[in-house]
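Comments concern the structure below.
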Amino acid sequence: MYDFVVVGAGPAGSRFSRRAAAAGYDVLTLERGTVGTPLACSGHVSSDIWSFAPDGARDALLQNVVYGARFHVGGPESEAHPFYKDSVVSNVIDRQELDRMLADAAREAGADLREQHRVMGVEEYRDHVEVTVRTPDGVETVEAKMVAGCDGPVSTVRSELGLPEPAEKLQGVLGFSAEDDAGDFVDVHLTVPRFFAWRIPRGSDGVEYGLAVPPGGEPDATARFEEFVAGYGVEMERFCAGMIPVGPADTVTSRRGFLIGDAAAQTKPFTGGGILYGMTAADHAAAEIDPDRPATLVNYERAWRDTLSTEISLGRWIRRAYSLPEPVQSVGLRALSGEIGVHMDRPTSFFSREHLRKLLP
Ligand SMILES: Cc1cc2nc3c(=O)[nH]c(=O)nc-3n(C[C@H](O)[C@H](O)[C@H](O)COP(=O)(O)OP(=O)(O)OC[C@H]3O[C@@H](n4cnc5c(N)ncnc54)[C@H](O)[C@@H]3O)c2cc1C
């Protein structure tokens with residue numbers, strides 16, 4: 001019997017697999033497709049990424065570095081309110097290659113990571129779990145002491161374990177143009193309901209345009225995206241789409257199962273970013289959970305919430321500003337723009353001495 005069956009080899013699953021295997025546990029990781037595909041992410045991350053990625057990752061993954069964001073209450077022609085640092089704020093990386101590197105690192109640490117293995121069912125028992133898997137050769141059942149649901153926003157493990165859904169799921173749409181742009185700024189447009197649209201320069205890998213909105217609105221996400229891109233007057237070469245879960249539920253653990261990453265909605269409510277929060281939670285899971293002692297699942301809940309809950313709560317407050325009336329947004333952006341001292345993953349840094357010093361005239 002395995003110690004852990006990990007479902008999903010995105011950043012959260014591969015990171016947990018690597019850490020658990022390195023700690024000596026017997027780990028089976030099941031990925032329904034091919035690691036890194038399909039793409040549904042901007043790969044826009046703080047420099048903390050380099051402490052999670054294997055050696056040499058920066059050279060292999062980096063497409064552009066970003067020093068700040070220009071906020072707009074309207075489209076491309078509207079006034080820009082820049083927020084910036086004199087050092088790198090964030091990195092634009094090859095997200096698909098990141099997933100492949102993290103999966104390789106998990107394998108090197110000893111995890112048995114299998115692609116084309118789709119988990120269809122999970123049963124929990126007193127002393128083990130049974131996981132039903134569709135493989136290229138048919139349907140199999142594997143047994144483990146615990147199951148880790150790292151299977152993204154629409155999580156099979158979450159529903160099989162009867163765990164609650166995230167508070168909200170946004171619809172994200174991305175498109176890429178062939179422009180060559182290694183600019184220092186991303187553009188953020190507060191022109192869609194309850195979130196934003198963005199433009200990210202990716203160096204010689206083109207420019208990405210995207211937006212995220214709550215589902216069910218009129219016009220829908222695709223129509224809004226077309227309108228946004230038309231404002232820039234550019235042609236898209238390719239598109240992709242995905243869901244962004246926001247608002248973790250009160251529990252992400254069951255009797256012998258636990259969720260990490262998007263399955264647990266461990267994301268930043270004000271950007272939708274989840275790569276680093278998911279891997280942070282994965283490290284807590286690997287450090288805290290002993291597969292022979294289900295009581296240690298409580299330690300995981302406590303540890304990841306101790307690290308991320310305040311950031312997520314403050315992130316929810318920041319997101320509220322996206323829905324303020326336009327004149328209020330303009331006044332606020334004009335007053336606050338300029339040099340900043342914040343860390344993009346940590347809203348608490350808004351209250352840091354470094355940032356407050358920058359705010360003083
Ligand atoms: C449009 C968009 C833009 C984004 N931009 C950013 C960004 O710039 N920065 C950032 O930090 N985050 C961004 N995110 C969020 C980020 O992509 C996620 O937070 C991150 O991918 C979560 O990692 P994960 O490992 O939890 O889940 P995922 O990356 O979704 O990985 C889950 C894995 O599980 C597999 N899987 C699913 N079901 C099964 C099953 N039944 N059996 C086996 N395998 C299964 C999937 O194939 C997948 O490989 C963006 C998201 C979207 C939609």
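For ligands, and for the atoms within them, numbers begin at 1 and follow the listed sequence.
- Annotation for ligand 1: atoms under 4.0 Å from non-hydrogen atoms of G261 are 26 (O).
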(request) Mind running salt bridge (charged side-chain N to carboxylate O under 4.0 Å, His left out) on E179 and R199 for me, showing each step along the way? (result) CA-CA 12 Å; E179 301 155 88; R199 178 188 188 274; 3.3 Å; yes
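- From the protein, the heavy atom lying nearest to atom 44 (N) of ligand 1 is R32 N, 3.0 Å.
- The backbone of L30, and not its side chain, has at least one atom closer than 4.0 Å to an atom of ligand 1 (non-hydrogen atoms only; backbone = N, CA, C, O).
- Of all atoms in ligand 1, listed by their number and element, those nearer than 4.0 Å to a heavy atom of G272 are 14 (N), 15 (C).
- Minimum interatomic distance between F258 and A285 (heavy atoms only, all atoms of both residues): CE1-CB, 4.1 Å.
- For ligand 1, the atoms sitting less than 4.0 Å from at least one non-hydrogen atom of R118 are 42 (N), numbered in the order shown with element in parentheses.
- A continuous path of ILVMFWY side-chain contacts below 4.5 Å connects V192 to V234, so both sit in one hydrophobic cluster.
- In terms of protein heavy-atom proximity, atom 31 (O) of ligand 1 is nearest to G10 CA, 3.5 Å.
- Any N or O atom pair closer than 3.5 Å counts here, and H44 shares at least one such pair with ligand 1.
- The ligand atoms of ligand 1 that sit less than 4.0 angstrom from a heavy atom of G242 are 53 (C).
- Looking at E31 next to ligand 1, an N or O pair under 3.5 Å apart turns up.
- When every heavy atom of L161 is checked against every heavy atom of G257, the shortest pair comes out as CD1-CA, 3.8 Å.
- Contacts between L174 and ligand 1, counted as non-hydrogen atom pairs separated by less than 4.0 Å, involve the side chain only.
- Ring geometry for F16 versus F4: interplanar angle over 60°, hence perpendicular rather than tilted (30 to 60°).
- Distance from atom 25 (O) of ligand 1 to its nearest protein heavy atom, with residue and atom name: A12 N, 3.0 Å.
- In this structure, R319 forms no cation-pi arrangement with F270, as its terminal cationic atom is not both closer than 6.0 Å to the ring centre and no more than 45° off the ring axis.
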(message) Quick one, E97 with R58, criterion salt bridge (charged side-chain N to carboxylate O under 4.0 Å, His left out). Give me CA distance, side-chain angles, the key distance, then yes/no.
(response) CA-CA 11 Å; E97 190 54 28; R58 194 172 183 282; over 6 Å; no
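- Closest approach of I244 and A212 over heavy atoms only: CD1-CB, 4.1 Å.
- Under 3.5 Å, the side chains of S90 and S46 contain no donor-acceptor pair of N or O atoms.
- Considering both main-chain and side-chain atoms, L276 never comes within under 3.5 Å of ligand 1 through any nitrogen or oxygen pair.
- Among the atoms of G274, some N or O lies under 3.5 angstrom from an N or O of ligand 1.
- Proximity of C41 to ligand 1, defined as any heavy-atom pair under 4.0 Å, is shared by backbone and side chain alike.
- In this structure, a donor-acceptor pair under 3.5 Å is present between the side chains of E124 and S254.
- Nearest residue to atom 52 (C) of ligand 1 from A281, A40, A265, P11 is A40 (criterion: closest heavy atom).
- Near G273, with a cut-off below 4.0 Å to any heavy atom, the atoms of ligand 1 are 10 (C), 11 (O), 12 (N), 13 (C).
- Counted by atom type alone, T135 and Q116 present zero donor-acceptor pairs between their side chains at under 3.5 Å.
- Checked for salt-bridge contact, R118 and E31 miss the test: no charged N lies under 4.0 Å from a carboxylate O.
- With a 4.0 Å heavy-atom cut-off, ligand 1 is reached by the backbone of C150 but not by any atom from C-beta on.
- At least one N or O atom of R95, backbone or side chain, sits closer than 3.5 Å to an N or O atom of ligand 1.
- Across T267, V131, I49, D151, heavy-atom proximity to atom 39 (C) of ligand 1 is greatest for D151.
- Given atom 42 (N) of ligand 1, the protein heavy atom at minimum distance is V119 N, 2.9 Å.
- Each of the following atoms of ligand 1 lies closer than 4.0 Å to a heavy atom of S42: 3 (C), 4 (C), 5 (N), 6 (C), 8 (O).
- With salt bridges taken as basic N to acidic carboxylate O contacts below 4.0 Å, one links D99 and R95.
- Residue, atom and distance of the protein heavy atom nearest to atom 27 (O) of ligand 1 are G152 CA, 3.7 Å.
- Within ligand 1, the atoms closer than 4.0 Å to a non-hydrogen atom of I275 are 10 (C), 11 (O), 12 (N), 19 (O), numbered from 1 in the order shown.
- Residue contacts with ligand 1 include H117, since one or more of its heavy atoms lies under 4.0 Å from the ligand.
- Using a 4.0 Å cutoff on heavy atoms, G210 does not count as a contact of ligand 1.
- Note on R19 versus E288: no salt bridge recorded, every NZ/NE/NH1/NH2 to OD/OE distance being 4.0 Å or above.
- Taking R302 as the reference, nothing meets the salt bridge (charged side-chain N to carboxylate O under 4.0 Å, His left out) condition, with sequence neighbours excluded.
- Of all the atoms in ligand 1, the ones that sit under 4.0 Å from a non-hydrogen atom of G43 are 7 (C), 8 (O).
- Looking only at protein heavy atoms, the nearest one to atom 34 (O) of ligand 1 is G8 CA, 3.2 Å.
- Considering only non-hydrogen atoms, atom 26 (O) of ligand 1 lies nearest to D262 out of D262, V7, L98.
- Not a single N or O atom of V173, backbone or side chain, sits closer than 3.5 Å to an N or O atom of ligand 1.
- Here the closest non-hydrogen pair linking P201 and G183 is CG-O, 3.6 Å.
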